[in-house]
K.L.:
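First, the structure itself, so that you have it in front of you.
Whatever order the structure lists ligands and atoms in, that order sets their numbers, starting from 1. We number each residue from 1, following the sequence as shown.
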Amino acid sequence: MNFYILTLFPEMVRNALNTSIIGKASKKGYLNIEAVNIRDYTADRHQKADDYPYGGGAGMVMQAQPIYDAYCALKEKIGYIPRTVYLTPQGPTFTQHMAKEMAQEDSIVFLCGHYEGVDERVLEEIVTDYVSIGDYVLTGGELPAMVMVDAISRMVPGVLTNETSGQSESFEGNLLEYPQYTRPYQWNGKAVPEVLMSGDHRRIEMWRREQSILRTKKYRPDLLKTAELTIKEKALYQVNDEKSGE
Ligand code: SAM
């Protein structure tokens with residue numbers, strides 16, 4: 001899968017996405033991540049890519065021309081009109097569901113804003129999706145783009161070494177994942193739950209399912225409203241559509 005990140009700070013993106021699982025997947029060819037410096041496309045002789053906002057107010061606004069030219073060069077390279085995400089606190093919040101859906105694309109372009117944001121006219125021209133990573137304001141779209149690239153990449157076949165580990169995680173069926181343990185068996189006076197040592201896979205599955213439901217009920221009761229639970233489970237854990245939000 002190809003990710004193209006339009007940014008004024010390409011080094012920030014390159015350094016972060018070159019490490020760990022995502023870095024390894026890129027080296028193996030499962031992912032191609034390119035940070036494109038918007039400033040390389042400015043027509044301004046002082047390399048300026050931002051200017052004062054019309055109507056006054058604090059801060060600077062990223063100009064339309066360099067962004068549009070950088071985008072057009074990418075469109076040419078990709079060979080079709082690509083899905084183009086503008087990272088913005090004004091968009092719907094990014095979810096695991098969106099990550100899975102976007103992982104079906106061959107190529108995605110991300111536009112990272114900075115300062116006060118981006119000239120609206122270029123957004124109207126190129127953006128297909130407006131996405132936020134949460135209800136808070138960051139200095140730029142680079143961290144949100146990296147968050148999205150990371151989450152989407154994990155859904156691309158071959159990126160995770162254990163293929164199933166992307167399937168049974170938190171948010172699958174709208175439940176949080178069960179607690180995990182590793183060696184040693186005893187740590188700080190605490191033992192690993194006995195059931196995990198039993199070798200009885202059915203019991204282990206049942207215990208994990210129960211833990212997932214209890215955890216979700218405790219930490220994210222909002223998710224339970226749409227979680228995939230059987231009628232028996234709903235009765236057992238006292239979950240119903242009205243009560244689950246309490
Ligand atoms: N003035 C803008 C507003 O109030 O909506 C915020 C601009 S913010 C300081 C600069 C850039 O950071 C935005 O253009 C956007 O690309 C990015 N950004 C900030 N917070 C974000 C969030 N929660 N999710 C995604 N992108 C964000």
K.L.:
Look at atom 13 (C) of ligand 1 and say which protein heavy atom is nearest, naming residue and atom and giving the distance to 0.1 Å.
P.N.:
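Nearest neighbour among protein heavy atoms for atom 13 (C) of ligand 1, to 0.1 Å: Tyr86 OH, 3.9 Å.
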K.L.:
Between Leu214 and Met206, is there a shared hydrophobic cluster once you connect ILVMFWY residues whose side-chain heavy atoms come closer than 4.5 Å?
P.N.:
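No, separate clusters.
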K.L.:
Quick one: which ligand 1 atoms are inside 4.0 Å of a heavy atom on Gly141?
P.N.:
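Those of ligand 1 that fall under 4.0 Å from Gly141 are 12 (O), 16 (O), 17 (C).
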K.L.:
Salt bridge check, Arg202 against Asp200: does any charged N sit closer than 4.0 Å to a carboxylate O?
P.N.:
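No salt bridge links Asp200 with Arg202.
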K.L.:
Within ligand 1, which atoms have a heavy atom of Pro144 less than 4.0 Å away?
P.N.:
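Taking each heavy atom of Pro144 in turn, ligand 1 has 25 (C), 26 (N), 27 (C) under 4.0 Å.
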K.L.:
Find out if a path of hydrophobic residues (ILVMFWY) with successive side-chain heavy-atom gaps under 4.5 Å connects Val109 to Val122.
P.N.:
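Same cluster: Val109 reaches Val122 through Ile, Leu, Val, Met, Phe, Trp or Tyr contacts under 4.5 Å.
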K.L.:
Which atoms of ligand 1 sit under 4.0 Å from any heavy atom of Gly117?
P.N.:
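What qualifies from ligand 1 is 14 (O).
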K.L.:
Below the 3.5 angstrom mark, is there an N/O of Val118, backbone or side chain, next to an N/O of ligand 1?
P.N.:
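So ligand 1 has no N or O lying under 3.5 Å from an N or O of Val118.
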K.L.:
I need the atoms of ligand 1 closer than 4.0 Å to a non-hydrogen atom of Gln90, numbered in the order shown.
P.N.:
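Heavy-atom distances to Gln90 below 4.0 Å select 3 (C), 5 (O).
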K.L.:
Please answer: with hydrophobic residues joined when any side-chain heavy atoms are less than 4.5 Å apart, are Val137 and Ile133 in the same cluster?
P.N.:
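No; Ile133 is not reachable from Val137 via cluster members.
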K.L.:
Record the part of Asp135 in heavy-atom contact with ligand 1 below 4.0 Å; permitted values are side chain, backbone, both and neither.
P.N.:
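The answer is neither; Asp135 stays 4.0 Å or more away.
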K.L.:
When you measure from the side chain of Thr19 to the backbone N and O of Ala16, does any donor-acceptor pair fall under 3.5 Å?
P.N.:
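Such a contact is found between Thr19 side chain and Ala16 backbone.
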K.L.:
For atom 21 (C) of ligand 1, grab the closest protein heavy atom and report residue, atom and distance to one decimal in Å.
P.N.:
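Here the nearest protein heavy atom works out to Pro89 CD, 3.5 Å.
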K.L.:
Does Ile133 reach ligand 1, in the sense of a heavy atom lying below 4.0 Å from it?
P.N.:
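Contact present.
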K.L.:
Look at the aromatic rings of Tyr86 and Tyr130 and report parallel, tilted or perpendicular, splitting at 30° and 60°.
P.N.:
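Perpendicular, since the angle between the ring planes exceeds 60°.
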K.L.:
Can you classify the ring geometry of Trp207 versus Tyr181 as parallel (below 30°), tilted (30 to 60°) or perpendicular (above 60°)?
P.N.:
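Plane angle between 30° and 60°, so tilted.
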K.L.:
Less than 4.0 Å is my threshold; does some heavy atom of Phe94 fall inside it relative to ligand 1?
P.N.:
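In this structure, Phe94 fails to qualify as a contact of ligand 1 - no heavy atom is under 4.0 Å.
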K.L.:
Give me the residue, atom name and distance of the protein heavy atom closest to atom 25 (C) of ligand 1.
P.N.:
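Checked against all protein heavy atoms, atom 25 (C) of ligand 1 sits closest to Thr88 N, 3.4 Å.
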K.L.:
What atoms in ligand 1 come closer than 4.0 Å to a heavy atom of Gly134?
P.N.:
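Near Gly134, the atoms of ligand 1 are 23 (N).
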K.L.:
What about Ile22 and Met146, same hydrophobic cluster or not, with Ile/Leu/Val/Met/Phe/Trp/Tyr joined at side-chain heavy-atom distances under 4.5 Å?
P.N.:
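Both belong to a single hydrophobic cluster.
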K.L.:
When you measure from atom 23 (N) of ligand 1 to every protein heavy atom, which one gives the shortest distance, and what is it?
P.N.:
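Checked against all protein heavy atoms, atom 23 (N) of ligand 1 sits closest to Tyr136 O, 2.8 Å.
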K.L.:
Start with the C-alpha distance between Ser26 and Asn18, add both sets of side-chain angles, then the distance that settles side-chain contact (heavy atoms from CB on, under 4.5 Å), and finish with yes or no.
P.N.:
CA-CA 8 Å; Ser26 300; Asn18 218 1; 5.6 Å; no
K.L.:
Could you check which of Val131, Thr7, Val137 puts a non-hydrogen atom nearest to atom 6 (C) of ligand 1?
P.N.:
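Residue with the shortest heavy-atom distance to the ligand atom: Val137.
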K.L.:
Students should be able to answer this: which protein heavy-atom is nearest to atom 8 (S) of ligand 1, and at what distance?
P.N.:
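Going by distance alone, atom 8 (S) of ligand 1 is nearest to Leu138 O, 3.3 Å.
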K.L.:
In sequence, state the C-alpha distance, the side-chain angles, and the governing distance for Met155 and Ile152, and then conclude on side-chain contact (heavy atoms from CB on, under 4.5 Å).
P.N.:
CA-CA 5 Å; Met155 298 293 123; Ile152 297 168; 5.6 Å; no
K.L.:
So which bit of Tyr115 gets within less than 4.0 Å of ligand 1, heavy atoms only: side chain, backbone, both or neither?
P.N.:
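The answer is the backbone of Tyr115.
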K.L.:
Give the atoms of ligand 1, by number and element, whose distance to some non-hydrogen atom of Ser132 is under 4.0 Å.
P.N.:
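This gives 23 (N), 24 (N), 25 (C) as the contact atoms.
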K.L.:
I'd like to check which ligand 1 atoms, numbered from 1 as shown, lie under 4.0 Å from a non-hydrogen atom of Glu116.
P.N.:
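What qualifies from ligand 1 is 1 (N), 2 (C), 7 (C).
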K.L.:
Could you tell me whether Arg14 and Glu11 make a salt bridge, using a distance below 4.0 angstrom between a side-chain N and a carboxylate O?
P.N.:
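Salt bridge flag = yes for Glu11 with Arg14.
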K.L.:
Charged N to carboxylate O under 4.0 angstrom, Arg203 versus Glu194?
P.N.:
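A salt bridge is absent here (no side-chain N lies under 4.0 Å from a carboxylate O).
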K.L.:
Would you mind checking which non-hydrogen protein atom is closest to atom 16 (O) of ligand 1, with the distance to 0.1 Å?
P.N.:
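Ranking protein heavy atoms by distance from atom 16 (O) of ligand 1, first comes Leu87 O, 2.6 Å.
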